[in-house]
Amino acid sequence: MKVNHPLWQPSPQQVESANLTAFMRHITSHGGPEFDNYAPLYDWSIHQPAAFWQAVWDFCGVISSRRGTQVLENPQKMPGARWFPNARLNYAENLLKRDGEDTAIVFRGENQVKSSISFRELRHEVSRLAQALRAAGILPGDRIAGYMPNLPGTVIAMLAASSLGAVWSSCSPDFGVQGVVDRFGQIGPRILFAADGYFYNRHTIDIMPRLREIMAQLPSVEKLVIVPYTCAAPDLSELPRAITVHDFMAPFKSRPLEFAQLPFDHPLFIMYSSGTTGVPKCIVHGAGGTLLQHLKEHVLHTDIKPGDRVFYFTTCGWMMWNWLVSGLAAGATLLLYDGSPFIGKGSVLWDYAAEEKMTVFGTSAKYIDALAKLRLEPRKTHDLSSLRAMLSTGSPLVPESFEYVYRSIKSDLQLASISGGTDIISCFALGCPTLPVWRGELQCRGLGMKIEVWNDAGKPVRGEKGELVCIAPFPSMPVGFWNDAEGARYRAAYFERYPGIWHHGDYVELTTHDGLMIFGRSDAVLNPGGVRIGTAEIYRQVEQLDEVVESLAIGQDWPLQQPNDVRVILFVRLRDGLTLDAGLAERIKKQIRDNTTPRHVPARVIQVADIPRTKSGKIVELAVRNIVHGQPVKNLEALANPEALSQFKGREELRC
């Protein structure tokens, strides 16, 4: 269905009151050019990067003991450019700049736990925990890890660590022992924070037995700090070097916070690649680049102001947790949730939104797809008058899901499909509060991100599918990989295909509205008969059928057709109680054929009980492709449901 008008258009009042409008005036008042809309601002930001990022620093009120006069060193080198090389700052100081009795964090743990904490209380708790860490000998550069649910205590631990200049790394408690060891074992944390358990889908999961195994394999951990969550007084008798967080902090009273003043590139976070093709890569992100990029995305692209109540459905193993927490630097109240998003017949997050007067609702594309399949209509059941923006990421948001949001959630809402990744701890494509929302499109390329779409010949194109690349440095590029002193693995990951150019691995198209459409990961692109097909193009069609809950497509090597060719195989998960028959398989193929091309039509449609996915909810085409071709999947611990892979082995339908 063609739609020749935007699904949403900001009112003149919304444009006038937007932070982005104020930012454009700030640039002009400080000797920069005048801007009448987003396009010339974006153009200026990529051609004058030093002036742009300095303006972001000033407008967003970055706190530092020193900024220095130089903004960008070695601007032609990627990697190798350095931002604000003489600056000294602290990430936690910028997140803790608010004080007072206003609410800083609200928490919901399914329907089991509710709590909140003020900005003043947050500062007090960070002060006490930072003192405890300092007394334990923690120094700048030491690693502190969290095996934690999405709790206020997790935020407090991260802020306390970063206030000292320690490096924070976390994963969610649904990771098994090997998944935790594969990650934390590489970085050697001195302190490990862990909850005693967590709630999910009305069940209480005890992780204390896992902690015993983890501690046995992490000899670097000098102290295991237990945060009680499911149990008020967990038994620590069988845990080595363990202490509750209350006892750890007990000797210390709140006092004025001390923030280590450190270089712009001082390591702040260690993030992990999904790890489905081997041991996860340890991606190191710097404090200044993370802070500046997140401020840009929160303040300018999401229009967050002090007092906004910002939510993102995420675990501590996904970069969106780090992104969400940075909202404190914009003065926002964080709304945290831990548990299943589908309890209460799928209403739990909307109950939360209504009760807490949520202004920004962030989630995954898969969650929105699931709501549509459940035929939920939050606009009819909940008061969403405070909600002004909805963000979606994790996978491409199909055009039909755009329509569902405006039809069934709220019509007067900025829907921002955003895209970036763990690799940059931020986004390449974002929303914009002063631009319209077009069906199926990410609104804009991020300010300061010199993004192009390149075809197979390495030439920039518009209106054609190609590779997303960034051709100039940006502040949130990784500092590097852990234990990669020469940078060889870092360069191989992003700069091998196009030397000196960041190759992100997304298969995308730049639209006539100067937005982006994403068709999936380029390493999962199908290539039947030499024609490149993004998997998202197939999923969009298949999942419109009421019988299909979700799907996964791979290219199977098929020399019977011609040498080096592949055929498309489509796996579908159907609604409970349904069985794939010849009629439904043909309807699926017809839906694809009628709305795409004959090349998109799968050679086989196969029913499976479940689709394998990562802990952050992304389906794993490459893992399934490896299974089908008899190749190993090297890190099952990266998957939320590794048992699902067994369905793809040795199937009769896949034999030559």
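No experiment lies behind these values; they were computed from the predicted model shown.
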query: Any side-chain donor paired with an acceptor under 3.5 Å for T290 and S476?
result: no
field: L442 side, atom CG; L510 side, atom CG - distance, nearest 0.5 Å
entry: 11.0 Å
- prompt: Can you name the side-chain hydrogen bond (donor to acceptor under 3.5 Å, both in side chains) partners of D265, sequence neighbours left out?
  reply: none
- prompt: Would you say W438 and T511 make side-chain contact, with heavy atoms under 4.5 Å?
  reply: no
task: Could you tell me whether a side-chain N or O of H47 sits under 3.5 Å from a main-chain N or O of D43, the two making a donor and an acceptor?
output: yes
- request: Ignoring hydrogens and angles, tell me if any N or O in the side chain of K615 forms a donor-acceptor pair with the backbone of D174 under 3.5 Å.
  value: yes
field: Residues which pass side-chain hydrogen bond (donor to acceptor under 3.5 Å, both in side chains) with S551, listed by chain and number, not counting sequence neighbours
entry: E543
query: When you check the gap from the basic side-chain N to the acidic O, do E509 and R462 get nearer than 4.0 Å?
result: no
message: Looking at I63, is its backbone amide N or carbonyl O close enough to the side chain of N94 to form a donor-acceptor pair, meaning the two atoms are under 3.5 Å apart?
response: yes
Salt bridge (Lys or Arg N to Asp or Glu O under 4.0 Å) against E73, all qualifying residues, sequence neighbours excluded: R82
task: Measure centre to centre between the rings of F428 and F474, then say whether the value is under 6.0 Å.
output: yes
- prompt: Taking atom CD of E467 and atom NE2 of H504, what is their separation to the nearest 0.5 Å?
  reply: 11.0 Å
Side-chain (K296) to main-chain (L447) donor-acceptor, under 3.5 angstrom: yes
field: ring-ring contact (aromatic ring centres under 6.0 Å, His included) partners for F259, two or more places apart
entry: none
- prompt: Which residue pairs pass the salt bridge (Lys or Arg N to Asp or Glu O under 4.0 Å) test with at least one member in residues 45-64, sequence neighbours excluded?
  reply: D58-R67
- prompt: Is it true that E537 and K465 have a side-chain N and a carboxylate O under 4.0 angstrom from each other?
  reply: yes
message: Are Y498 and W454, when compared by the centres of their aromatic rings, separated by less than 6.0 Å?
response: yes
query: Can you name the residues that form a side-chain contact (heavy atoms from CB on, under 4.5 Å) with D303, not counting sequence neighbours?
result: A18, N19, K305, R388, P433
- prompt: Is the distance between the ring centroids of W168 and F269 under 6.0 Å?
  reply: no
message: Please enumerate all residues that pass side-chain hydrogen bond (donor to acceptor under 3.5 Å, both in side chains) together with W321, with sequence neighbours excluded.
response: N150
- request: Applying side-chain contact (heavy atoms from CB on, under 4.5 Å), name anything that partners A472, two or more places apart in sequence or on another chain.
  value: K450
message: Going by the rule side-chain hydrogen bond (donor to acceptor under 3.5 Å, both in side chains), which residues pair with Y507 if we only count those two or more places apart in sequence or in a different chain?
response: none
- request: Flag this pair as yes if the NZ/CZ of K281 is under 6.0 angstrom from the six-membered ring centre of Y272 and inside a 45 degree cone about the axis; otherwise no.
  value: no
message: Distance alone, cut at 3.5 Å: any donor-acceptor contact between the side chains of H629 and Q556?
response: no
message: For L570 versus A553, what's the shortest heavy-atom pair and its separation?
response: CD1-CB, 4.1 Å
field: Where at least one partner belongs to residues 616-631, residue pairs that pass salt bridge (Lys or Arg N to Asp or Glu O under 4.0 Å), sequence neighbours excluded
entry: D557-R625
task: Sequence neighbours left out, what passes ring-ring contact (aromatic ring centres under 6.0 Å, His included) with H600? Give chain and number order.
output: none
Residues forming a ring-ring contact (aromatic ring centres under 6.0 Å, His included) with F84, sequence neighbours excluded: W57, F264
query: Donor-acceptor pair, E452 side chain versus V469 backbone, under 3.5 Å?
result: no
task: Could you tell me whether the side chains of Q186 and W482 share a donor-acceptor contact shorter than 3.5 Å?
output: no
field: Pair Y539, S395: side-chain N/O donor-acceptor within cut-off below 3.5 Å
entry: no
message: With side chain to side chain contact (heavy atoms under 4.5 Å, CB included) as the criterion, how do F481 and I283 come out once you've worked through the C-alpha distance, each side chain's angles and the decisive distance to 0.1 Å?
response: CA-CA 5 Å; F481 289 174; I283 307 169; 3.7 Å; yes
- prompt: Mind checking whether Y147 and F184 have ring centres under 6.0 Å apart?
  reply: no
- prompt: Are the charged groups of E550 and R613 less than 4.0 angstrom apart, N to O?
  reply: yes
